[in-house]
Amino acid sequence: MKSYDHKKIEKKWQQEWNKKKIYKTTEGDKTRNPKYYVLDMFPYPSGEGLHVGHPKGYIATDVISRMKRMQGFNVLHPMGFDAFGLPAENFALKMKIHPEIAVKKNIKRFKEQLGVIGLDYDWSREVNTTDPKYYKWTQWIFLQLFKKGLAYESHEPINWCPSCKTGLANEDLEGGKCERCGSLVEKKPLRQWVLKITDYAERLLTELDLKNKDGSLLLSWPESIKEMQRHWIGKSEGMLFEAPVKDTNLKIQTFSAHFEAFTADTFVVIAPDHPFLKELVKNTPKEKEVLDFSANLVKERLSDGYETKEVKGIFTGRYIVDPVGNGDLPIWVASYALADYGTGIVKCSAHDERDFVFAKKYNIKLKKVIEPLYIDTKGASAVRADLPFVEREAVMGIVKHWQEDKYLGLKWKQIDWGTFVTGGIEPGQTPEEAIKAELEEETGYFKFKSIKKLGRRHAKFYHPPKKENRFGHFNHFYLELESGEQKEVSQEEKDKHEVVWLSKDEVEKFLVSEGQRDEWHELQGKEKVVLDGILTEPKELAGREVKDVREDAIKYLEKNNLAKRKTTYKLRDWVFSRQRYWGEPIPLIHCEKCGVVPVPEKDLPVKLPKVKFYEPTGTGESPLAAISKWVNVKCPKCKGKAKRETNTMPQWAGSSWYYLRFMDSKNPKALVDKKKEKYWNTVDLYVGGAEHATRHLIYARFWHKFLLDIGIVSTEEPFRKLQSVGLIMGPDGRKMSKRFGNIINPDDIVNRYGADTLRLYEMFMGPFDQAIAWSEEAIIGPRRFLERVWKIAQKVSKNNSSSSIEKLLNKTIKKVSVDIVEMRFNTAISSMMILVSEMEKAPDISLKDYKKFIQILAPFAPHLADEIWKNLGEKKSINLSVWPKWDEKLMKDEDVKIVVQVNGKVRAEIVIAVDAKEDEIKKLASVAVSKYLTAGEIKKVIYIKNRLVNIVV
RNA sequence: GCCCAGGUGGCGGAAUUGGUAGACGCGAUAGACUCAAAAUCUAUUGAUGGCAACAUCAUGAGAGUUCGAUUCUCUCCCUGGGCACCA
């Protein structure tokens, strides 16, 4: 027998598969087989070609599709190219080749590289987003969006990248910089087409959790990606307040998601780039000053990439009349206010982190309506879940020494507590009287220079001496002693605690109560913002915890007509035009008389004109604007003078629906045939990089839902199961990049080790969704494995199976079948490695067993498998054979090894029959470990079936 | 700062509902084959002690629950990814 020659074998079988078209997908009406649609995120054919990281996902889908095909599914596993957009255009500009030619060349190279890996794509369905036959339908979808009012023109300032010379969506920014080139983005007013994705915000959010009829989740996606989308959509429910601006006819609206403390509002902030600002300060003495300041702030914010944490602002000179009765509130411009969240104007109070900082900085008056509540959860005073709370009005006093800068603390004797003076208020006492009485009782001091009332704080805690849960309402005081004169203290009090005088530093370490410590800090001028606690206003809600009053606060505000419910989203509408050449032309016409007119559907596609110069103009106009022959057209409505829209679509457009086109890639009459769409339904498995979690995957879901609404598709969601691929890093552990010179080319690996080895290695490296560094050394393992598989063929005989091999084989078939579905390829491969080393040890291997093994190996190493298959006398490709089934009966073990532990430590192993009785096993076990049992009597024997016996001594 | 995922030998990683930690692979060491090398095969390979049987310690750190914890709970540290003035 010849040795394993991957070069010969792989080339031969790739040609054979192509010739016989064995991977061509059958149309739905020509088969009764159930369908399985597995899709890779199609690549952007860059000029640099593939590195070994790219095909990792493709190999995984290839393995799954091959297994599914063998299991009788009608598999759709297509591939295409996403080739419009900036990278291709910039590459073309740099290399001075027309993008169309460059893209063609790059695609050819990509296909060659994919080809040598032996992937089972049905290339007859290939799509290319830059093909007019394809982008005809991208334009068609845009027209439908336009007709439904979901595409609109916006003249608001947009993000402009001065280097790419194009407008960008918020999503294309990275901390205020252009994601592609890293240059600072400017705001520039430009006419843009924008898609109203916000109309779908609620559905995009809730339908992430859509359920099947049986109650299971429709979308089987990684929770992390769902979570990212939820954050991206950023739903927040709150209240909308409307207020007149004093001395004007103007009104403003403010939004608040945390409105419970609405009576605390003392000022208002507006975003520096808020469109309303100009009108607000018009004809006021501060007009120029405020606008200049704001303009500066916007500039600063942009250049700092939104990273400024220091807040800045200016008073506008205007006031609102607060609708909830807090009087006239000054309006400030504040750097931290965002124009495009909520209404861009906020009512502010002491009970918000940023508002608080801002107010402190500019000495704006604050009002507090939440008193802090502390709940002890740790240590001796942790609240007991089983006890009710005893409510008490109480006092606490910080007492200063009559001479020194020292403060009075009580060191408790029964427990490890350090506190200030505290105590309850007796009936008929005022808090002042109570604190004085407590102090005298506990310490004997009674002569005061001054007494000052501080705040009120509440605490829930367990009181160990009293053995009860307390809910104390503490009135805090600051007292200065006049002299050290003392009265006699009772023995009872003396037994409870010791009086100590502490320096400021010592106080810090001494205190155990967070509430006392906060009060102490506030006394030193370090005030903390209060976000949660007990509300003191309005009367109707007073005394309740903030977190419990939300619903009642809404009712109160609505009943009194003070505010309305309102939901806002972080999700912004989608800036859908680019001022560049290399993209789908937006199929609209601007007519002098009729305004914006859609290109009639029969005239689609609007082809991108072939031009010599396609450099960005830099003026904010697309290069297409300069091509008068293309631009000037007749209005489709009135036949008058008109011009084409010259903006093009963003790169995301073509990829937002390509998965539908694969179902029916050649159809000239429809985006996708209705019957075919019904048959292929939804993508069963979608594999790609997690970096597309929030853009591509949200845009595609948006378009899909729109297409559902207009009756083009019949499903709610495009991708049922989503799996992210972990990156393959360079051997140095860094991202593979030209810059680091750590790129591994798959062609070299295929040459040296073969495609089957590459495939096996990439699947064996580790968990599929995890990033792992490429290892030049470890790849030899899978290669050796394949050589051993190849050699076993020499031992194949017509004899009956050996029962031990048969048993292991069945177990392996099961493991591989299950692991592939769950995308745990590494463990599937390791189980096959175990089988192979057992086969090597056996004197001979039955033909039947060997064939089954080669079949389960075939999805991973299809070339080698087909070659062996043929050598074993089979005529048809192994990839079309029927996936072997495992037989549970043959997998049963007769004996089982049981571990015997003494006190949880392994001391012996015994082998017993599977059906042995528990008593018997326990007996055997205690005999096996008898020498460890002499120490004491047996307390307990734990038996876990087929696993272990644990004897507790 | 917030959210998510993760931390296991020299390295990549395994470990069903809590039940023998280190499967499988790489590397390393020794031996066989060879004039020699490579390749291949065989054996060993978490650490420490011991000639050995064996013992003790080990899954980022610390605590807890349990007969028993890589797995569950809490606190902290570190790494990767995402978001970041979101009212």
Side-chain angles (χ1 to χ4, degrees), chain A residues 3 174-175 222-232 234-236 238-239 254-259 269 271 301 305-311 334-338 340-349 351-355 357-358 377-378 568-571 690-691 693-694 724 726-727 729 760-761 764-767 769-785 787-788 791 818 824 826-837 840 897-909 939-953:
Chain A
S3 64
E174 251 179 50
E223 197 45 44
S224 60
I225 292 189
K226 281 192 182 180
E227 201 59 25
M228 274 193 227
Q229 293 212 351
R230 287 190 195 107
H231 284 154
W232 196 265
K235 181 180 180 176
S236 119
M239 301 300 281
T254 69
F255 171 78
S256 174
H258 305 290
F259 48 81
V269 296
R301 193 153 79 173
Y306 291 83
E307 269 164 27
T308 335
K309 288 288 178 214
E310 201 206 333
V311 288
S335 59
Y336 68 93
L338 303 172
D340 54 6
Y341 185 78
T343 61
I345 310 175
V346 198
K347 283 212 297 162
C348 304
S349 78
H351 299 298
D352 178 279
E353 196 91 46
R354 294 153 309 159
D355 296 348
V357 172
F358 187 77
T377 54
K378 279 187 286 190
T568 63
Y569 300 88
K570 279 194 241 175
L571 186 71
E691 68 272 19
T694 46
S724 31
L727 285 179
M729 319 298 266
L760 212 54
Y761 175 59
F764 184 62
M765 289 173 85
D769 57 357
Q770 193 177 300
I772 299 176
W774 181 267
S775 161
E776 309 264 17
E777 288 171 334
I779 191 169
I780 193 70
R783 168 72 197 202
R784 285 179 191 149
F785 167 69
E787 279 171 12
R788 289 154 74 192
K791 269 189 206 150
V818 171
R824 298 200 310 227
N826 53 336
T827 50
I829 292 167
S830 101
S831 73
M832 289 191 286
M833 286 174 167
I834 293 168
L835 176 66
V836 163
S837 60
E840 279 178 327
K897 196 166 71 179
I898 287 189
V899 166
V900 186
Q901 298 181 332
V902 178
N903 290 340
K905 280 200 171 129
V906 181
R907 296 300 185 186
E909 282 174 3
K939 282 189 197 149
K940 205 169 166 190
V941 179
I942 292 150
Y943 169 62
I944 305 293
K945 198 162 187 278
N946 293 345
R947 286 272 181 203
L948 58 73
V949 176
N950 188 10
I951 300 171
V952 185
V953 181

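Below, read A as the first sequence line, B as the second, and so on, with proteins coming before strands; counting in each chain starts at 1.
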Using a 90° cut-off around 0 for syn, call B:rG6 syn or anti.
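Nucleotide B:rG6 adopts anti.
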Identify whether any heavy atom of [X] sits under 4.0 Å from a base atom; if not, whether one sits that close to sugar-phosphate; answer base, sugar-phosphate or nothing.
X	answer
A:Gly344	base
A:Glu691	nothing
A:Lys939	nothing
A:Ile780	sugar-phosphate
A:Pro767	sugar-phosphate
A:Leu948	base
A:Val952	sugar-phosphate

Side-chain donor-acceptor pair under 3.5 Å between A:Ser236 and A:Tyr569, yes or no?
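On atom types as modelled, these side chains do not qualify, holding no pair under 3.5 Å.
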Within residues 944-953 of chain A or reaching into it, pairs that qualify as side chain to side chain donor-acceptor pair (under 3.5 Å) - sequence neighbours excluded:
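Every pair satisfying side chain to side chain donor-acceptor pair (under 3.5 Å) with a residue in residues 944-953 of chain A: there are none.
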Any [X] side-chain N or O less than 4.0 Å from OP1/OP2 of [N]:
X	N	value
A:Arg907	B:rA55	yes
A:Arg784	B:rU40	yes
A:Asn826	B:rA14	yes

Selection from [options] that lies nearest to any side-chain heavy atom of [X]:
X	options	value
A:Glu227	B:rG19, B:rA87, B:rC3	B:rC3
A:Arg354	B:rG25, B:rC85, B:rU20	B:rC85
A:Lys905	B:rG68, B:rG25, B:rU56	B:rU56
A:Ser830	B:rC24, B:rG12, B:rA87	B:rC24
A:Ile944	B:rA23, B:rG19, B:rA87	B:rG19
A:Val906	B:rC4, B:rU20, B:rG68	B:rU20
A:Lys570	B:rC86, B:rA23, B:rG19	B:rC86
A:Ser256	B:rC86, B:rA87, B:rC4	B:rA87
A:Arg947	B:rC4, B:rU16, B:rG27	B:rU16

Check whether any side-chain N or O of A:Gln901 sits under 3.5 Å from a backbone N or O of A:Val949 as a donor-acceptor pair, and report yes or no.
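A pair under 3.5 Å: no.
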Does the A:Tyr761 side chain pair with the main chain of A:Ser775, one donor and one acceptor, at a distance under 3.5 Å?
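Side chain of A:Tyr761 to backbone of A:Ser775, a donor-acceptor pair under 3.5 Å: yes, one is there.
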Whole Å only: how far is the [atom1] atom of [X] from the [atom2] atom of [N]?
X	N	atom1	atom2	answer
A:Tyr761	B:rG12	OH	C1'	7 Å
A:Ile772	B:rG13	CD1	P	4 Å
A:Met228	B:rG82	CE	C1'	5 Å
A:Glu223	B:rG82	CD	C1'	14 Å
A:Arg824	B:rA14	CZ	P	10 Å
A:Lys945	B:rG18	NZ	P	19 Å
A:Lys226	B:rA5	NZ	P	14 Å
A:Leu338	B:rC83	CG	P	16 Å

Side chain to side chain contact (heavy atoms under 4.5 Å, CB included) between A:Lys347 and A:Phe259, worked out:
CA-CA 9 Å; A:Lys347 283 212 297 162; A:Phe259 48 81; over 6 Å; no
Heavy-atom nearest nucleotide on RNA chain B for A:Ala690 versus A:Gln770: which residue maps closer to 5'?
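This one resolves to A:Gln770.
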In terms of the nearest nucleotide of RNA chain B, which residue is placed more toward the 5' end: A:Lys940 or A:Met833?
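That would be A:Met833.
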For B:rC24, give its Watson-Crick or G-U wobble partner with both distances under 3.5 Å, or none.
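Across any shown strand, B:rC24 pairs with B:rG12.
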Any salt bridge between A:Glu787 and A:Arg784, counting N to O under 4.0 Å?
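No salt bridge links A:Glu787 with A:Arg784.
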